[in-house]
Each structure stands twice: as C-alpha cells, then as structure tokens.
A.B. asks: 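Below is one structure. I have some questions about it.
The chain is numbered in sequence order, starting from 1. Because the structure is a prediction, the values reported are computed rather than measured.
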Amino acid sequence: MDKIEIIGGKPLNGTVKISGAKNSALPIMAASLLTNKKISISNVPDLLDINSMIQLLRSLNVEIKKSANKIDLQSSIPKSLSASYDLVRKMRASFLILGPLIARYGEASVSLPGGCAIGTRPVNLHLSGLEKMGVSFSINSGYVTGKIKGKLKGAAITLKNISVGATENILMAATIADGKTVINNAAKEPEIIDLSKFLIKMGANIRGYGTKRITIIGRKKLSGCSYKIMPDRIESGTFALCVFGCSGAVKLLNVNKEICSHLKKIFKQLKSLKLIVMNNGKSLLIKKNNNNNISIKIKTEEYPGFPTDLQAQLTSSLLKTKGKSEIIENIFENRFMHISELIRMGACLKLKGSKVIINCSKTLKGAEVMATDLRASSSLIIAGLMANGKTTINRVYHLDRGYENIEKKLQLCGAKIERIKL
Ligand code: UD1
C-alpha cells in the first residue's frame, strides 16, 4: 500500500480543477442496468470506487468502455442476478444495483454491505421502500434476495429517516415500475438531483427532485443517453478547508453556482475564509486571512446542512484556531477514527459522545499516522499540511477511493506532498 509524505507549514497558492462527483457517478452507473441501450457519461472521476462499480457491473453483463474521464455502458441480460460479497464489501454504494436489477428482472441477490469504519450503516430503508412496491425479501448467509411476481408497482413510500442511498435505490426502481411512486421524506442532496436529471434524459418521468417529496410515473422502457456528471462538492469543500487550515489563496475551477452558494452557506461561521464566486459560478476563489480567533459550533445534517463528509476535514482545519469550537456528528455514530490520529500529531481535541471539542491552539507536529476511511484520510492530509515537520500517512488506498490525484493537485498549490509507491 502506498504512503503519502508531507512536509507541512506552508500556505497554499494556486489553481485546482475539481473532478466530477463520485457520489453522483456511482448511482448513475448503477442506473445503466435499467436499459439495454447505450449510456455515455463524462466528467467521471478516475477513482478506486468507480473501478469497483465497473467490476461489479461487468459481473452483471454490462459492457463498459473507459477512456480518460468518460465511460460508456451497455447492459445485456446477466447470467446471474447476484452480486457477491467480494464485490460489495469494497464499497457500500454497490447496494445501489438492487433497485434497478429487481425493477428490470424481477429478482436480485446482493451481499449485505455489513459494517464499515464509520458505523453500522444498515439498509432497512432501502428494503422497506422496495417492499412497499411489492418486493419480498429474504436474508440468508449474508445475502439479501429480493423477488417480485410480475412488475414492480408504484407506491406511496415514506422514509422513516432521510437516506441518500435508499432514496436513490427506490427512485431508480420506480422509473420502470407500473404506475405512480411517491417518495416522502426523500433526500434532497445535489447528487439526487443529478441522478434525477440523468434518469429524465433516459426518458423517466420524475417531479419534485431536490425536495422532500419526489413523484415518479413509471415508464415501460428507458432509453440510452449522454450525460455530464456534476462537479464534486465534497472535493471542493475539502480544498476550501485545506486553505482554511494552511492560509493562502486557491482558485477552484470546474465548480458550479450551486456548489459555490452551498459552500458559502456551510462555511459562513469561518469568518476569516473568503469565498469569491467568479466566472458566473464556474470558478471559486478561496482566501484565508490571518485572523485565527475563531469559535464555532457546527452540526452535521442532511443537505442543505453541513455535510458529514466534511466533518473530519473541518476538525483538522480548526486545529490552529485560538477559540473553542464544537462539532457534532449527527449522521453517522462512529465517524471519529481520525481523532486519535490527530492527537498523535499533538492536536488538542476531546471527544464527548458525538461531539468533538477543539479548545487550544497547540503547535501541530508531523507524525506517522494511519488513514482509516475516505474522509478521515483527507483530514490527515490537511493536518499534515498544517503541521511543522514531516507527516507520513499510511494506508492511503482509502484516499484513492474518493479523491482524484489529490497529491498532484496540492503540489500545484505549492504543497510539499509526495506519494511513496511501495
Ligand atoms: C451517502 C454518501 C456518503 C454520505 C452519506 C450521508 C454515496 C455513495 N455515499 O451514503 O458519502 O456520507 O450519504 O450524506 O452517495 N440509514 C439507515 N437505514 C438505511 C440507510 C441509511 O438507518 O437503510 C442511516 C445511516 O446509517 C446513516 C443515515 O441513515 O446514519 C444516512 O445514511 P445514507 O444517507 O443512507 O448514506 P449513504 O447513502 O450510505
């Protein structure tokens, strides 16, 4: 496994091209199972998670051609309607094939994703939604098998809690079900909007996406289409927090108006961070002034609130501030694996239940640390860039699951960061 070495303590200055959104590309790729026509998607980030989805879809007889940031997919009837543990355990988003497969073939068997470093992450909401549409599920030897006689039937579904993945699974399935499906208490994330726009390009009839109530009228068939994946808002936010932690000025290219206004809103409490929207929202200049007197209280929430996927990076970026800050994690129960690693670097942090308290500006010192999950990994990069001396981050494959060329992008901003190939 590769390592990353960072010599920290320098401000960042430069330009970064933001990649396409991983969390949008993955469900859109899964949606290729809904048709036998050709799908062409562009602005796809080159990531391990994307490769895992390619492997999974190929095992289900989807022909896939990948070139640079473009992927063509064409699905034919699979020999088996089963997704093995080996393919699903690598990435929870694999579970997104369940809805499309049952909708198209009336049956699917998918390994349960199981626990992961950020919590138990159940799938009950995915299953109860599809059950309302007529699917019967059984769980045996770690596999969920769903079956339906005839076609899926549109239904009124109210999600007990908001779930991005469950909204996506039900939404995709409903596009070729019989009749009308209404998803109440749906997730409103921009990635749901992107998936909906893509499905509409395939011919789906969807209204209300981006709100709490999505209405879908099932079509007999969907067709092929070409689609450009939206920019990655979490990668954009991660770079903004790199600047907040290290100072400097970095221009983000390839963003959009929605991402600019979302970042401005969620980082509002970070008074010394300036976000200047340029080029009609296509680029965003991020600047940090020298004021480090900051005390904030932020809790993670569903969109449009502060995303859980930026919680770890925010924690690191606050480690040199002078006030007392509190971050509450509301979405996942165990998303604090980065804390003990940050403490190894001298960070002054306390964990109380689901709350992290940052209450002194000790000097951060480089150390050898271990990446435990995707966003924890980028929080260690931020801390390494802020720290004096050398930080070595082990197990960086987590990073490659969700950040395209992060060390190269940071090098272009003057960071001393290098990948050590092992
Ligand atoms: C997606 C994102 C992930 C992000 C998360 C929350 C992708 C590929 N991943 O994950 O990066 O951190 O949204 O914004 O898009 N839950 C249940 N039962 C379920 C499903 C979820 O209780 O059936 C709970 C989860 O344990 C969690 C909460 O609901 O506490 C939100 O999870 P969910 O929105 O489903 O996250 P994912 O779709 O897995």
Side-chain angles (χ1 to χ4, degrees), residues 20-21 23-45 50 53-54 56-79 81 83 93-108 129-130 133-135 146 148 150-155 165 167-183 186 190-210 214-230:
N23 287 353
S24 177
L26 292 171
I28 284 176
M29 288 170 75
S32 68
L33 291 166
L34 291 166
T35 180
N36 60 1
K37 299 288 185 289
K38 187 172 146 190
I39 304 291
S40 220
I41 48 178
S42 57
N43 202 31
V44 184
I50 298 293
M53 185 57 95
I54 289 178
L56 176 61
L57 292 174
R58 279 191 177 139
S59 78
L60 295 164
N61 210 10
V62 181
E63 194 186 312
I64 300 181
K65 285 192 198 114
K66 185 180 174 216
S67 57
N69 292 107
K70 193 168 165 280
I71 299 185
D72 294 338
L73 310 100
Q74 191 158 15
S75 154
S76 304
I77 299 173
K79 287 186 196 78
L81 291 163
S94 304
F95 207 69
L96 293 173
I97 62 168
L98 185 73
L101 278 181
I102 296 179
R104 185 131 172 248
Y105 302 107
E107 191 179 329
L130 293 168
M133 301 176 83
V135 185
I148 183 160
K151 277 194 84 179
L152 271 184
K153 289 178 189 51
T167 303
E168 290 169 342
N169 238 333
I170 298 163
L171 168 64
M172 288 188 280
T175 58
I176 53 169
D178 264 347
K180 177 170 153 183
T181 298
V182 178
I183 311 173
E191 293 76 14
I192 303 275
I193 299 178
D194 216 34
L195 172 64
S196 301
K197 285 182 177 168
F198 165 76
L199 292 166
I200 288 168
K201 260 198 131 182
M202 289 175 85
N205 182 343
I206 308 171
R207 279 175 289 127
Y209 51 91
I214 305 178
T215 305
I216 307 112
I217 312 285
R219 298 273 201 217
K220 283 214 161 56
K221 278 184 176 174
L222 297 184
S223 59
C225 72
S226 300
Y227 194 79
K228 185 176 176 192
I229 303 288
M230 65 174 271

A.B. asks: With rounding to the nearest 0.5 Å, note down the distance linking CG in Asn169 to CG in Leu98.
C.D. replies: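 It is 5.5 Å, given to the nearest 0.5 Å.
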A.B. asks: Find the distance between CD1 (Ile39) and OG (Ser32) and round it off to the nearest 0.5 Å.
C.D. replies: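 So the gap between those two atoms works out to 6.5 Å.
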A.B. asks: Considering only distance and modelled atom types, tabulate donor-acceptor pairs under 3.5 Å from the side chains of residues 175-183, sequence neighbours left out.
C.D. replies:
{"from": "Thr175", "atom 1": "OG1", "to": "Met172", "atom 2": "O", "distance (Å)": "2.6"}
{"from": "Thr181", "atom 1": "OG1", "to": "Ala155", "atom 2": "N", "distance (Å)": "3.4"}

A.B. asks: Restricting to non-hydrogen atoms, name the atom on Pro45 and the atom on Asn69 that form the minimum distance, rounded to 0.1 Å.
C.D. replies: CA-ND2, 4.0 Å
A.B. asks: Any idea which heavy atoms bring Ala103 and Leu34 closest together, and the distance?
C.D. replies: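 Scanning both residues completely, I find the closest heavy atoms to be CB-CD2, 4.4 Å.
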A.B. asks: Closer than 3.5 angstrom, by distance alone: can the side chain of Asp72 be matched with the main-chain N or O of Lys38 as a donor-acceptor pair?
C.D. replies: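 The answer is no, because no donor-acceptor pair under 3.5 Å joins these two groups.
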A.B. asks: Which distance, rounded to the nearest 0.5 Å, do you find between the CG of Asn43 and the CE of Met230?
C.D. replies: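 Those atoms lie 10.0 Å apart.
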A.B. asks: Using a 3.5 Å distance criterion without hydrogens, assess whether the side chain of Gln74 forms a donor-acceptor pair with backbone atoms of Asn36.
C.D. replies: yes
A.B. asks: Could you grab the distance from atom OG of Ser42 to atom OH of Tyr227, nearest 0.5 Å is fine?
C.D. replies: 9.5 Å
A.B. asks: Is the number of heavy atoms from other residues, nucleotides or ligands under 6.0 Å of Lys228 NZ greater than 12?
C.D. replies: no
A.B. asks: Might you work through the side chain to side chain contact (heavy atoms under 4.5 Å, CB included) test for Tyr209 and Leu195, ending with a clear yes or no?
C.D. replies: CA-CA 9 Å; Tyr209 51 91; Leu195 172 64; over 6 Å; no
A.B. asks: Drop me the distance from Glu168's CD to Ile28's CD1, to the nearest 0.5 angstrom.
C.D. replies: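 Answer rounded to 0.5 Å: 9.0 Å.
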A.B. asks: If you round to the nearest 0.5 Å, how far is CD1 of Ile102 from CG of Leu81?
C.D. replies: 9.5 Å
A.B. asks: Within a 6.0 Å radius of atom NZ on Lys197, are there more than 12 heavy atoms belonging to other residues, nucleotides or ligands?
C.D. replies: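 Count not over threshold, so no.
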A.B. asks: Test side chain to side chain contact (heavy atoms under 4.5 Å, CB included) on Ile148 and Met133; report intermediate values, then the result.
C.D. replies: CA-CA 9 Å; Ile148 183 160; Met133 301 176 83; 5.9 Å; no
A.B. asks: Counting heavy atoms not belonging to Lys66, are there more than 12 under 6.0 Å from its NZ?
C.D. replies: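 Enclosed: over 12 neighbouring heavy atoms sit under 6.0 Å from NZ of Lys66.
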A.B. asks: Looking at Ile229, is its backbone amide N or carbonyl O close enough to the side chain of Ser24 to form a donor-acceptor pair, meaning the two atoms are under 3.5 Å apart?
C.D. replies: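 Checking the backbone N and O of Ile229 against the side chain of Ser24, no donor-acceptor pair under 3.5 Å is found.
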A.B. asks: Run the side-chain donor-acceptor check on residues 198-205: report pairs under 3.5 Å with partners two or more places apart or on a different chain.
C.D. replies:
{"from": "Lys201", "atom 1": "NZ", "to": "Ser226", "atom 2": "O", "distance (Å)": "2.7"}

A.B. asks: Anything under 3.5 Å between a donor and an acceptor, one on a side chain of residues 57-65, the other on a protein residue two or more places apart or in another chain? List them.
C.D. replies:
{"from": "Arg58", "atom 1": "NH2", "to": "Ile64", "atom 2": "O", "distance (Å)": "2.9"}
{"from": "Ser59", "atom 1": "OG", "to": "Leu56", "atom 2": "O", "distance (Å)": "2.6"}
{"from": "Asn61", "atom 1": "ND2", "to": "Ile77", "atom 2": "O", "distance (Å)": "2.8"}

A.B. asks: Can you give me the closest heavy-atom contact between Ile97 and Ala83, atom names plus distance?
C.D. replies: CD1-CB, 3.5 Å
A.B. asks: Report the C-alpha distance between Ile192 and Ile214 in whole Å, list the side-chain angles of each, state the deciding distance to 0.1 Å, and finish with yes or no for side chain to side chain contact (heavy atoms under 4.5 Å, CB included).
C.D. replies: CA-CA 10 Å; Ile192 303 275; Ile214 305 178; 4.0 Å; yes
A.B. asks: Taking all heavy atoms of Ile71 and all of Met29, pick out the closest pair and write down the distance.
C.D. replies: CD1-CE, 4.1 Å
